[in-house]
Amino acid sequence: PLALVLGEYQRVAAAHATRGTVTMPAIVLLVGSCIWGTAISFLGFLVLANVSATTFNLMGNTNKILTLAVNGLIWQKHASLQANMGLLVS
């Protein structure tokens, strides 16, 4: 519903008209991504119900740092050293 309010439907329709058809694998990936994101949100609520707010916050920040570390190992052109240091300081 929010996508309709923000005009995303028109953007998708324009992209569809200029770039070709939307394939079934793209739709499967989109729907899978939506399901995965919803599952992560619900799992976050379950974790928060079982640990303290401080532990939950610490887990989230640790996850961000580990994600950036893996990202830096796989792809070299994403975050700069300065950006990573800023994350560590925060």
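Every heavy atom of this structure was used, including side-chain atoms; hydrogens, water molecules and symmetry mates were not.
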Quick one: pull up CG in Leu66 and CG in Asn63 and give me the separation to the nearest 0.5 Å. 6.5 Å

Rounded distance (nearest 0.5 Å) linking atom OG1 of Thr23 with atom CG of Leu29: 8.0 Å

Is it the case that the side chains of Thr55 and Ser52 hold a donor-acceptor pair, with the cut-off being a distance below 3.5 Å and no angle test? yes

Measuring from atom CG of Leu48 to atom CG of Leu43, what distance do you get when rounded to the nearest 0.5 angstrom? 12.5 Å

Applying the 4.5 Å side-chain criterion to the ILVMFWY set and letting contacts propagate, would Ile65 and Met59 be lumped into a single cluster? no

Closest non-hydrogen contact found for Phe56 with Val47 is CD1-CG1, 3.8 Å

Other residues, nucleotides, ligands: >12 heavy atoms within 6.0 Å of Gln10 CD: yes

Nearest-0.5 Å distance, CZ of residue Phe45 to CG of residue Asn50: 13.5 Å

